[in-house]
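Worksheet for the structure shown next.
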Amino acid sequence: MRCNLLVSSTLLGLSSAAAVQSSQRKSYDGYKVFRLTVGEDVAKVNNIIDTLGLTTWKGRPRAGAAADIVVPPARVNAFEAEITGMEAVAMHQDLGASIAEESTFSAYAVGSANSTWFNSYHSYRDHIQFLNDLQSQYPTQSQVVSAGKSQNGEAITGIHFWGKSGKDKPAIVFHGTVHAREWITTMVVEYIAYNLLTNSASPEIEGFLAKYDFFMFPAVNPDGFIYTQTTDRMWRKNRQTISGSSCIGNDINRNWPFQWSVSGGASTNPCAEDFKGRAGGDAPETAVLSAWLKKTKADQGVKLFIDWHSYSQLFMTPYGYSCTAVAAKNTELQSLAKGAAAAIRAVHGTSFKTGPICSTIYKATGSSVDYTNDVVGADYVFTAELRDTGNYGFVLPANQIVPSGQETYAGVLYLLQNMK
Ligand code: 0X9
Ligand code: ZN
């Protein structure tokens with residue numbers, strides 16, 4: 001009897017723990033995402049967003065741009081009434097269903113880093129395993145590295161590879177998944193690493209490996225990425241607590257300590273998606289990544305830095321903090337960005353726009369590229385927004401991982417071929 005009681009209370013304990021886990025995951029069932037053509041109605045659209053308490057995917061609405069607006073089930077009718085007469089399309093009829101479909105990860109067997117990896121998205125732990133497995137296929141010319149620890153103590157993990165001719169050559173550094181929900185970037189950075197390594201015997205790739213060391217970090221915001229898989233798929237920031245606020249998270253791409261104090265390119269509200277932090281560099285991830293870049297520059301030079309984001313299909317250059325400041329290498333950067341975009345388009349016809357961040361997208365202060373260009377002094381610095389332009393946004397179906405990887409790889413090869 002006593003034994004039975006114990007058994008049933010243990011079972012109860014287990015099942016309620018499981019229930020807590022699943023109920024901790026924010027449901028997007030019945031949520032719709034609308035792409036609304038704003039035109040000149042900026043004030044009206046802002047007003048709708050504020051009165052209905054809605055969130056947006058690409059920042060506050062701007063004149064002449066589209067606003068991608070997330071609408072919970074209980075607000076759909078009111079939202080549709082408010083936008084009567086305006087042009088809108090539904091990106092997701094049921095965001096919860098789209099997320100469920102995207103989150104059916106294929107099982108990953110330890111030791112099987114092969115091309116089937118790119119047929120689905122994956123858990124954070126599997127990403128780390130994949131990097132380790134990939135490394136073990138190239139034991140003498142690669143290493144799994146850590147740039148340092150995240151807020152929650154995760155190693156910010158990357159794969160370093162250098163070809164046959166030895167390491168310590170100028171570095172090519174890629175950051176993926178600084179924004180937690182931009183899952184396609186994790187996969188595409190891995191796709192590039194995987195293809196450079198698996199083609200490393202071809203004369204062309206061998207040539208690149210003879211000139212450069214590659215450091216590919218698929219997920220530089222591990223805590224945020226894990227949080228998108230356990231709790232809220234739409235999380236963007238890191239997971240640090242903020243003094244004086246109950247809101248969580250710095251936007252790592254507003255926190256880099258260069259031109260951080262400039263106003264208008266980030267939020268000072270800890271609850272905002274683009275919260276800049278209480279001080280430049282006060283996010284642990286920014287602190288370790290900036291220190292790592294400076295050290296790498298001092299040790300071996302940084303030839304190329306790319307910060308990979310999604311979505312919007314843009315290939316951009318410094319600066320974010322100012323629309324009038326012009327990068328020292330601007331002419332060459334624009335030419336390289338245009339060439340990369342043409343190489344991308346040649347693969348599947350996908351169009352990327354190019355130009356400096358501030359005039360192409362919006363003003364963004366404390367961003368990684370401005371810091372890496374001016375403080376680190378990397379030779380070539382870009383940031384890209386991968387697929388798509390707004391059919392699916394952050395919840396990009398898994399069958400676009402491979403095509404997105406293929407075209408982006410072509411863009412990267414163009415840069416490797418054309419950088420001086
Ligand atoms: O707001 C951002 O940080 C980027 N857009 S996103 O939707 N991916 O969040 C644009 C800024 C690009 N600047 C740098 N990557 N430095
Ligand atoms: Zn981003």
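In each ligand, atom 1 is the first atom listed, and ligand 1 is the first ligand listed. The chain is numbered in sequence order, starting from 1.
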For the rings on Phe225 and His127, is their centre-to-centre separation under 6.0 Å? yes
Closest protein heavy atom (residue, atom, distance) for atom 7 (O) of ligand 1: Lys58 NZ, 2.8 Å
Ligand 1 atoms nearer than 4.0 angstrom to some heavy atom of Val369 are 16 (N)
Would you say Ser368 contacts ligand 1, with heavy atoms under 4.0 Å as the rule? yes
Could you check whether Arg239 pairs with Glu285 (Lys NZ or Arg NE/NH1/NH2 to Asp/Glu carboxylate O, under 4.0 Å)? no
Which of the numbered atoms in ligand 1 are below 4.0 angstrom from a heavy atom of Ser367? 16 (N)
What N, O or S atom of His179 is found closest to the Zn ion (ligand 2)? ND1
For atom 8 (N) of ligand 1, what's the nearest protein heavy-atom neighbour? Residue, atom name and distance, please. Glu182 OE2, 3.0 Å
Take the angle between the ring planes of Tyr319 and Phe258 and call it parallel below 30°, perpendicular above 60°, tilted in between. tilted
re atom 15 (N) of ligand 1, the protein heavy-atom contact at minimum distance is Thr383 OG1, 2.7 Å
May I ask which of Glu273, Glu385, Lys363 has a heavy atom nearer to atom 4 (C) of ligand 1 than the others do? Glu385
Is the closest heavy atom of Tyr362 to ligand 1 under 4.0 Å? yes
Quick one: look up the protein heavy atom nearest atom 9 (O) of ligand 1 and list residue, atom name and how far away it is. Arg236 NH1, 2.4 Å
Compute the minimum heavy-atom distance from Ser310 to ligand 1 and say whether it is under 4.0 Å. yes
With a 6.0 Å cut-off on ring centres, are Phe214 and Phe208 close enough? no
Can you classify the ring geometry of Phe382 versus Phe315 as parallel (below 30°), tilted (30 to 60°) or perpendicular (above 60°)? tilted
Strictly under 2.8 Å, is any N, O or S atom of Glu182 next to the Zn ion (ligand 2)? yes
Just go through Ile252, Asp307, Asn253, Thr317 and tell me whose heavy atom is the nearest to atom 14 (C) of ligand 1. Asn253
With a 4.0 Å cut-off, would you call Arg181 and Glu273 a salt bridge? yes
Part of Val178 within contact of ligand 1 (heavy atoms, under 4.0 Å): neither
Answer yes if the ring centres of Phe79 and Phe34 are under 6.0 angstrom apart, and no otherwise. yes
